[in-house]
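Contents: one structure, followed by commentary.
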Amino acid sequence: MGCRKRAPVSDLLRVVVRSGALVPDPRRRLPGRGASVHPSPECLHAAERRRAFVRALRLPGGSSAPLEAGPLRDHVLTASPEARGAETGTGT
């Protein structure tokens, strides 16, 4: 959704909205409409910049109601190999 590249569903992270926040659904079990994004900081940033979540999740009110991306951002940053390498510096 963010980078617009196609990938198998198993390589993507499902995202749903719960109480106005974007929540990761790695087991793909939460109810409601979901959107898929690569679990990388770059793809997440691109999706946020393009406001793709509001469109993909078909939320009422369009872009007037901002979504909290904190839980999703935390999940992507802790699960991403690029982010883990950046946190530890050289990976040692």
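The structure displayed is predicted, hence computed values, not measured ones.
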Legend entry - Counterpart residues, side chain to side chain contact (heavy atoms under 4.5 Å, CB included), relative to R73 (two or more places apart): L44, E48, A69, L77
Inset, instruction - Search all heavy atoms of V37 against all heavy atoms of C43 and return the closest pair with its distance. - result: CG2-SG, 3.5 Å
Legend entry - ILVMFWY network linking L59 to V23, side-chain heavy atoms under 4.5 angstrom: no
Legend entry - Test item: R33 side-chain N/O and A56 main-chain N/O as donor-acceptor pair under 3.5 Å: yes
Inset, instruction - For R55 and R50, indicate whether the former's side chain and the latter's backbone hold a donor-acceptor pair under 3.5 Å. - result: yes
Between side-chain atoms of residues 8-21 and protein atoms elsewhere (two or more places apart, or another chain), which donor-acceptor pairs fall under 3.5 Å?
| residue | atom | partner | partner atom | Å |
| --- | --- | --- | --- | --- |
| R14 | NH1 | D25 | OD2 | 2.5 |
| R14 | NH1 | L30 | O | 2.9 |
| R14 | NH2 | G32 | O | 2.6 |
| R18 | NH2 | P31 | O | 2.5 |

Inset, instruction - Given side-chain contact (heavy atoms from CB on, under 4.5 Å), test C3 with H38 step by step and report yes or no. - result: CA-CA 8 Å; C3 61; H38 287 99; 3.2 Å; yes
Legend entry - Closest non-hydrogen atom pair, H75 against P26: CE1-CG, 4.1 Å
Legend entry - Interatomic distance, L72 atom CG to F53 atom CZ [nearest 0.5 angstrom]: 5.0 Å
